[in-house]
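Computed over heavy atoms, backbone and side chain alike; hydrogens, waters and symmetry mates excluded. Proteins come first, then strands; the chains are lettered A, B, ... in the order of their sequence lines, and each starts at number 1. Not measured: the values here are computed from a predicted model.
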2 protein chains.
Amino acid sequence: MEEKLVKFESAFSIDCVIFGFEAGELKILLIERKDNPFKDWLALPGDLVKNHEGIEESAERILYELTGLRDLHMEQFHTFGDVNRHPRGRIITVAYYALIRIDGQRELKPGNFAKKALWHSVNDLPKLAYDHTEIFKTGFTKLRRRLSYQPIAYELLPEKFTLTQLQQLYEAILNKKLDKRNFRKKMLSYGFLKELDEKQKNVSFRAAKLYKFDRRKYSKIFQNELGVDIDNP
Amino acid sequence: MEEKLVKFESAFSIDCVIFGFEAGELKILLIERKDNPFKDWLALPGDLVKNHEGIEESAERILYELTGLRDLHMEQFHTFGDVNRHPRGRIITVAYYALIRIDGQRELKPGNFAKKALWHSVNDLPKLAYDHTEIFKTGFTKLRRRLSYQPIAYELLPEKFTLTQLQQLYEAILNKKLDKRNFRKKMLSYGFLKELDEKQKNVSFRAAKLYKFDRRKYSKIFQNELGVDIDNP
DNA sequence: TCTCAATTGTGTAATTTTTACACCATTATT
DNA sequence: AATAATGGTGTAAAAATTACACAATTGAGA
């Protein structure tokens, strides 16, 4: 059963704050809108939720259509439902953030309602369409808070990375300088970083060791620490 | 403009997990449903969001109608949107938790669709209507996680309380025993507990000192520690 | 009024975690 | 061979957390 008419009097949508990390900078993926309202503005990728899909599913679809990627780290973080947040009617939107590895080769498909999709540094964002600036800020704050108790950052790095890259990523998200020795000590103490027999290439200085995440160990440590409490009904 | 017809093909609702603390037990406020679906089942208080109200506003209204209280500590914690979560159509629901002081005197108004409202211990909840058991569990987990980094528990206690009561409340939420001396040391170190010149009455043992929260000091300590990051756009 | 039962209120030492801090090593480039 | 740039490492001080036991107070009841 295909939908023809969007019920603007009462509908729900998904908006995604998609984080990536590139050249030492934290970025988000934005689209440039083709039409009114907010023609030519930058906006968060999003769509109306279809009748046959759950909201989680819808968020995954939006991400897949845009990036071709599935099974990303995604998290619902807030729902925005002010009466006038959307000029075309009463639409509440469920916001998710996602963490993805930026890959310059990958083609982004902005979809029918956008001219293009682009990565934009979080540090000098223009005003976004609708209430998307607020949504972004909320999502960024949630990500930051989350990172301070769960080391999810590796989702943003390439498979092999140096400790300096990891530290730069933390610094970009937490927005503060960290001490190199203490940072390394801490990260290595978790035990889910695996040192590789490989070094950085093509750098004109001492090459750093490469590491990768051991997902198995990571899960063991962090799943029961954060999931639904086992002792409760 | 009054609504006559509820658009069940696509609507949103609010559900509230309302926590209270009484007789050393953590409780939530439930309603007993009058009609189908889920006639006679216990459910979380909730309602459809009206066209003219924001979701926050809607949550506040639901709480006010039920308890007569305003300005409660409320927090949106998750939105549930599985396709088949509601037997009567596609309804996604935004869930809030609230913390309130149980007052046996206060009359609860269950509303038109419920037979009654009652406080129920969180420890032996029956299966709830719809997906409300899942909503409750998620809310409880969020509350627990929040409490471990922000001492919000005082919202659940009477104005004057003993440190033992406070500890019991923490134990009920975190679901584990705490060390009395360490607990007191920690709580008092925050500096927002004010010792009163008053003691417990009507107990057949050594009466404990009463304390109250100093909201002013509390806010100073915890507002900038958790709010939106000041350094970011 | 004495005793009992129940609960309050208190401090210290050991352990763990966090913080602060500086220099030599390695590599590519010239 | 010197230089420029970054990688990689350890220790000591401070702070936070944990573990742990007993005397003091009160009302109830004999």
Q. If you round to the nearest 0.5 Å, how far is CD of B:Q200 from NZ of B:K160?
A. 13.0 Å

Q.
Taking the side chain as everything from C-beta on, heavy atoms only, tell me whether A:Y130 gets closer than 4.5 Å to A:R33.
A. yes

Q | Partner of A:F161 by ring-ring contact (aromatic ring centres under 6.0 Å, His included), out of A:Y211, A:F21, A:F213, A:Y154 | A | A:F213

Q.
Applying salt bridge (charged side-chain N to carboxylate O under 4.0 Å, His left out) to A:E75 and A:R146, what does each step give before you reach the verdict?
A. CA-CA 11 Å; A:E75 198 146 344; A:R146 178 117 200 165; 2.5 Å; yes

Q.
At a heavy-atom distance below 4.0 Å, which nucleotide of DNA chain D is the first touched by chain B, and which is the last?
A. D:dT17 to D:dA28

Quick test: give all pairs of protein nitrogen or oxygen and nucleotides 22-24 of chain C nitrogen or oxygen below 3.5 Å, distance rounded to 0.1 Å.
unit_1, atom_1, unit_2, atom_2, d
C:dA22, N1, A:R181, NH1, 3.4

Q | Audit row: A:D214, A:K194, salt bridge (charged side-chain N to carboxylate O under 4.0 Å, His left out) steps and yes/no | A | CA-CA 6 Å; A:D214 185 331; A:K194 195 166 155 189; 5.4 Å; no

Q: Return the value, rounded to whole Å, for the distance between atom CG of B:L210 and atom P of C:dT8.
A: 12 Å

Q. Any side-chain N or O of B:R184 less than 4.0 Å from the OP1 or OP2 oxygen of C:dG9?
A. yes

Q. Would you say a side-chain N or O of A:K185 is under 4.0 Å from OP1 or OP2 of C:dT18?
A. no

Q. Can you tell me if A:Q165 uses its side chain to pair, donor with acceptor, with the backbone of A:T162 under 3.5 Å?
A. yes

Q. In Å and rounded to the nearest 0.5 Å, what is the CG to NE2 distance from A:D15 to A:H78?
A. 13.0 Å

**Q.** Distance, nearest 0.5 Å, that separates CG of A:L42 from CG of A:L128
**A.** 6.5 Å

Q.
Need to verify one output field. Residue with the more 5' nearest nucleotide on DNA chain D, A:A207 or A:D179?
A. A:A207

Q) Reckon B:T162 touches a base, only the sugar-phosphate, or nothing at all at heavy-atom distances under 4.0 Å? A) nothing

Q) Atom NZ of A:K209 to atom P of C:dA25: distance rounded to whole Å? A) 15 Å

Q) From the list C:dT29, C:dT19, C:dG9, which nucleotide is the closest neighbour of the side chain of B:A208? A) C:dG9

Q) In whole angstroms, how far is the P atom of C:dT17 from the CZ atom of A:F183? A) 18 Å

Q. For B:K201 and C:dT8, what is the distance between atoms NZ and C1' respectively, to the nearest whole Å?
A. 17 Å

Q) Given C:dT7, is OP1 or OP2 found less than 4.0 Å from the side-chain N or O atoms of B:S204? A) no

Q: Calculate the interatomic distance between B:N182 atom CG and C:dG11 atom C1'; express it in whole Å.
A: 11 Å

Q) If you round to the nearest 0.5 Å, how far is CG of B:L193 from OH of B:Y218? A) 11.0 Å

(Q) Over all strands shown, is A:K199 touching base, sugar-phosphate only, or nothing at heavy-atom distances under 4.0 angstrom? (A) sugar-phosphate

Q: Using whole Å, report how far OH of B:Y211 lies from P of C:dT8.
A: 12 Å

